[in-house]
**Student:** 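Before anything else, here's the structure in question.
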Amino acid sequence: MGRCKQVLVLAIFCLSASVMYSFIYHYSTTEEHTDQLVPQQIRALPSTSLRQPNCTCQGGGVLVLKDHLPKDRYDDIVKRRAEEYRKHHIRTSSSLNRLILAPSNTPLQYPIQGFTVVPLQKTLIPGLALHAAKRQSYKVTLRVSSGVLAIKALGEGDQEGQGEKEITVQSTSLYDLNNLLGRLTYTSTVYRMRTGDLAHFTFEHHEAVFPIVIQQTSVPVLYDIGNDINDRVTIVTKTFLRYTELQVLISSIRTYYKDIKIIIADDSLEPQKVNGSNIEQYIMPPAQGWFAGRNLAVSQVTTKYFLWVDDDFLFTDKTKIENLVEVMEATPELDVVGGSVAGHGQFYFSLVYEEGNGEDGGCLNRKGAVKYQPVPGFPTCSFTSGVVNLFLGRTDAVRKVGFDPRLKRVAHSEFFMDGLGSLLVASCSHVSIGHQPKIANAKYSSFRRQKSKDLEDKLAHHFFKNHLKCIRYG
């Protein structure tokens, strides 16, 4: 037993000594001999490929979209979709999408984020420097692919590649070399609204890669929100063959908001004049549909926000537009904030999209009653992907997404599908609106009900337009 204890103590002592030696060796090499480290180059991995892993829609309520394509045009549709998706990738991808792995130790200093240049405009590259142990000569190289490099003002030292895609700077003085690096400029040679370049910065066996954002500057578009709700919000609706309900809606609005502007898009078969102060009625060709009317109405809004309501809604003392505006103003990133509708409650849903591969398409999963997290400062509001038909929209943000006019009869989630990744959406329970009792209207119902062909056309449209393989409604 005593011998076992001695062996154990010796083993622990040897292990401790080994750890101490390893620590001392590592410390001394990193502090005094950084240039002698085992080379660990940065790796810039390819951007998202067209050939991503396949995805699947699982569970009930799955619609496989290719099964709804016209059989006689199937091959042609699939071929055209593949070509359009290829062009979409060219338009939306850049070197900025590439994954960059940084080395653990390097004597190179460089900007890892935030270096943005205007297309075709010469710009100093900030922060370039070398921190290396003393040696007879120092030599670094910088290489780019979508621009050219130059040294703004030459100091002591040699340089090569002035105005080229690759430039080498060499000096016997580290101070002079860093002085030259501080004068290095980049000029993009491509004109795009937003793209990027990857700069490769090397010294001996060390290499670093950093991104350069090439982006055209944009002009701000601001809205004067004035002093009251009338300057901030326009109420917007679309009507079709429901003038009785529309008049009830307008009357309820005027009970609480006497002067707010109301915009109506009307594609009724036999339009009737809607009278009232500060009401704009836009007559459309007959039966153009739900989303075409939304586009028209929103296009005429001049305020920062608009409140979307259906033509059979009913304002109540709980329809406080100011409360929704308060949420939006306190959270400038928000684009859409929904409330709740009597009889439907606080309807909201999540959208989860998997890109899939370039051949089969992506998978979209819509799941009801999913919240992501609370909106800061508003415990009755939560971020989500889509909301009910009572929502306050940021006018310029919603216009950029738009409403697909091909969707005529039944459409709502589709707007949020198109806005996924660009619109930040929230749902709030503290603002609600009433819903009028249903009035028998056979002609309206004949248009309102979605026919089987409408569903087939809609699913085939998603197959091509959204490059989807399947949709699951849960």
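Remember, predicted model here, so these are calculated numbers, not experimental data.
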**Student:** Is there a donor-acceptor pair closer than 3.5 Å between any side-chain N or O of Gln281 and the backbone N or O of Gln272?
**Tutor:** yes
**Student:** For the pair Phe210 and Phe115, name the ring-plane relationship: parallel under 30°, tilted 30 to 60°, perpendicular over 60°.
**Tutor:** tilted
**Student:** Could you measure the distance from the CZ atom of Arg472 to the CG atom of Leu364? Nearest 0.5 Å is fine.
**Tutor:** 11.5 Å
**Student:** Taking atom types as modelled and ignoring hydrogens, do the side chains of Gln288 and Asp267 form a donor-acceptor contact shorter than 3.5 angstrom?
**Tutor:**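 The answer is no; no qualifying pair exists.
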**Student:** What I'd like to find out is whether the side chain of Phe403 reaches to under 4.5 Å of the side chain of Val398, using heavy atoms alone.
**Tutor:** yes
**Student:** In a check of side chain to side chain donor-acceptor pair (under 3.5 Å) between Arg366 and each of Ser385, Ser350, Ser413, which one passes?
**Tutor:**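 With Arg366 as partner, Ser385, Ser350, Ser413 yield a single side chain to side chain donor-acceptor pair (under 3.5 Å), made by Ser413.
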**Student:** Flag the pair Pro211 / Asp197 as yes when at least one side-chain heavy-atom distance between them is below 4.5 Å, and no otherwise.
**Tutor:**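 No; the side chains remain at least 4.5 Å from each other.
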**Student:** Using the ring pair (Phe, Tyr, Trp, His ring centres under 6.0 Å) rule, take Phe315 and Phe313 through it: C-alpha gap first, then chi angles, then the decisive distance, then the call.
**Tutor:** CA-CA 7 Å; Phe315 272 57; Phe313 282 177; 8.9 Å; no
**Student:** Can you tell me how far OG of Ser218 sits from CZ of Arg194, rounded to the nearest 0.5 angstrom?
**Tutor:**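 Here the interatomic distance stands at 11.0 Å.
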**Student:** Using a strict cut-off of less than 4.0 Å between a Lys/Arg side-chain nitrogen and an Asp/Glu carboxylate oxygen, indicate whether Lys465 and Asp418 qualify as a salt bridge.
**Tutor:**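 A salt bridge links Lys465 with Asp418.
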**Student:** Calculate, to the nearest 0.5 Å, the distance between atoms CD and CG belonging to Glu207 and Leu108 respectively.
**Tutor:** 9.5 Å
**Student:** Any donor-acceptor pair under 3.5 Å linking the side chain of Thr395 with the backbone of Thr303?
**Tutor:** yes
**Student:** Might you point out which heavy atoms bring Leu181 and Ala129 nearest each other, and give the distance in Å?
**Tutor:** CD1-CA, 3.9 Å
**Student:** Is it the case that the side chains of Asn389 and His344 hold a donor-acceptor pair, with the cut-off being a distance below 3.5 Å and no angle test?
**Tutor:** no
**Student:** Quick check on Asp224: does its CG atom have over 12 non-hydrogen neighbours (other residues, nucleotides or ligands) under 6.0 Å away?
**Tutor:** no
**Student:** Taking Asp312 for its side chain and Gln436 for its backbone only, find out whether a donor-acceptor pair lies under 3.5 Å.
**Tutor:**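 Here the side-chain-to-backbone pair does not exist.
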**Student:** In this structure, are over 12 heavy atoms from other groups packed under 6.0 Å from Ile439 atom CD1?
**Tutor:**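 Atom CD1 in Ile439 is packed in, count exceeds 12.
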**Student:** Would you mind reporting whether Leu324 and Val233 have side-chain heavy atoms less than 4.5 Å apart?
**Tutor:**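 Not touching, per the 4.5 Å side-chain cut-off.
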**Student:** Quick one: does Arg294's side chain have a donor or acceptor within less than 3.5 Å of a partner on Trp308's backbone?
**Tutor:** no
**Student:** Is the closest side-chain donor-acceptor distance between Tyr282 and Glu280 under 3.5 Å?
**Tutor:**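 Yes, a side-chain donor-acceptor pair sits under 3.5 Å.
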**Student:** In this structure, which one of Ile77, Leu69, Leu65, Val78 forms a side-chain contact (heavy atoms from CB on, under 4.5 Å) with Phe464?
**Tutor:** Ile77
**Student:** Between Ser432 (side chain) and Ser340 (backbone), is there a donor-acceptor pair under 3.5 Å?
**Tutor:**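 No, the answer is negative, given that no donor and acceptor are paired below the 3.5 Å cut-off.
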**Student:** Okay, side chain of Thr237, backbone of Val309: is any donor-acceptor separation there less than 3.5 Å?
**Tutor:** yes
**Student:** Between the side chains of Tyr85 and Glu359, is a donor N or O closer than 3.5 angstrom to an acceptor N or O?
**Tutor:**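 Side-chain D/A pair, Tyr85 to Glu359: absent.
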**Student:** Please report the shortest heavy-atom distance between Tyr257 and Glu322, naming the atom on each side.
**Tutor:**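 Smallest interatomic distance, heavy atoms only, reads OH-OE1, 2.7 Å.
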**Student:** Answer yes or no: does atom NZ of Lys451 have more than 12 heavy-atom neighbours from other residues, nucleotides or ligands under 6.0 Å?
**Tutor:**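 Count over threshold, so yes.
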**Student:** Should we count CZ of Arg80 as having more than 12 external heavy atoms under 6.0 Å?
**Tutor:**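 More than 12 within 6.0 Å, yes.
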**Student:** Does Cys381 form a side chain to side chain contact (heavy atoms under 4.5 Å, CB included) with His430? I'd like the steps, not just the answer.
**Tutor:** CA-CA 8 Å; Cys381 303; His430 66 296; 3.5 Å; yes
**Student:** Heavy atoms only: give me the nearest Ser299-Arg399 pair and the separation to one decimal.
**Tutor:**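 Ser299 and Arg399 have their closest heavy atoms at O-NH2, 3.5 Å.
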**Student:** Filter on side chain to side chain donor-acceptor pair (under 3.5 Å), then keep only pairs touching residues 111-125, sequence neighbours left out; what's left?
**Tutor:**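 Matches after skipping sequence neighbours: none remain.
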**Student:** Hey, what do you get for OH (Tyr305) to CG (Asp396), rounding to the nearest 0.5 Å?
**Tutor:**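 Spacing of OH (Tyr305) from CG (Asp396) equals 9.5 Å.
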**Student:** Donor-acceptor pair, distance only, cut-off 3.5 Å: does the side chain of Gln109 make one with the backbone of Gly127?
**Tutor:**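 Flag set: sc Gln109 to bb Gly127 pair under 3.5 Å.
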**Student:** Let's go through Lys165 and Thr189 carefully: what are the C-alpha distance in whole Å and the side-chain angles of both, what is the deciding distance for side chain to side chain contact (heavy atoms under 4.5 Å, CB included) to 0.1 Å, and is it a yes or a no?
**Tutor:** CA-CA 10 Å; Lys165 293 186 178 297; Thr189 54; 3.9 Å; yes
**Student:** Where is the tightest heavy-atom contact between Ala208 and Tyr110, given as atom of each residue plus distance?
**Tutor:**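 Where Ala208 meets Tyr110 most closely, the heavy atoms are CB-CE2, 3.3 Å.
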**Student:** So, are Lys458 and Asp454 salt-bridged, with charged N and O less than 4.0 Å apart?
**Tutor:** no
**Student:** Any chance you could measure Lys238, atom NZ, to Asp310, atom CG, to the nearest 0.5 Å?
**Tutor:**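 CG of Asp310 is found 10.0 Å from NZ of Lys238.
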**Student:** Are any of the side-chain heavy atoms of Phe306 and Leu392 separated by less than 4.5 Å?
**Tutor:**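 A side-chain contact under 4.5 Å is absent here.
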**Student:** Kindly indicate, with the supporting measurements, whether the criterion side chain to side chain contact (heavy atoms under 4.5 Å, CB included) is fulfilled by Asp335 and Lys400.
**Tutor:** CA-CA 11 Å; Asp335 299 302; Lys400 288 177 182 177; over 6 Å; no
**Student:** Which heavy-atom pair separates Asn441 from Leu241 by the least distance, and what is that distance?
**Tutor:** ND2-O, 2.9 Å
**Student:** Work out which heavy atom in Asn54 is nearest to a heavy atom in Asn357; give both atom names and the distance.
**Tutor:** CG-ND2, 3.6 Å
**Student:** Under a 4.5 Å cut-off applied to non-hydrogen side-chain atoms, are Arg81 and Phe463 in contact?
**Tutor:** yes
**Student:** Just by distance, do the side chain of His467 and the backbone of Gly358 share a donor-acceptor pair under 3.5 Å?
**Tutor:**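 Flag set: sc His467 to bb Gly358 pair under 3.5 Å.
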**Student:** Which distance, rounded to the nearest 0.5 Å, do you find between the CD1 of Ile264 and the CE of Met284?
**Tutor:** 13.0 Å
**Student:** Taking Lys469 for its side chain and Cys55 for its backbone only, find out whether a donor-acceptor pair lies under 3.5 Å.
**Tutor:** yes
**Student:** Under 2.5 Å between the SG atoms of Cys470 and Cys363: is that the case?
**Tutor:**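 With an SG-SG separation of 2.5 Å or more, Cys470 and Cys363 do not form a disulfide.
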**Student:** Given side chains that start at C-beta, do those of Leu269 and Phe240 come closer than 4.5 Å, heavy atoms only?
**Tutor:**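 Yes - at least one pair of side-chain heavy atoms lies under 4.5 Å apart.
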**Student:** Answer yes or no: is there a donor N or O on one side and an acceptor on the other, between the side chain of His412 and the main chain of Val387, under 3.5 Å?
**Tutor:**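 Yes; at least one donor-acceptor contact below 3.5 Å.
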**Student:** Heavy-atom distance under 4.5 Å between the side chains of Arg394 and Lys304, does that happen here?
**Tutor:** yes
**Student:** Please tell me whether Asp266 and Tyr243 have a donor and an acceptor in their side chains that are separated by less than 3.5 angstrom.
**Tutor:**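 A pair is found: one side chain offers a donor N or O, the other an acceptor, under 3.5 Å apart.
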**Student:** So do Arg409 and Phe447 actually touch side chain to side chain, heavy atoms under 4.5 Å?
**Tutor:** yes
**Student:** Decide, yes or no, whether a salt bridge links Glu329 with Arg232 under the criterion of side-chain N to carboxylate O below 4.0 Å.
**Tutor:** no
**Student:** With side chain to side chain contact (heavy atoms under 4.5 Å, CB included) as the test, would you mind laying out the steps for His462 and Met417 before giving the verdict?
**Tutor:** CA-CA 10 Å; His462 285 314; Met417 288 165 57; 3.6 Å; yes
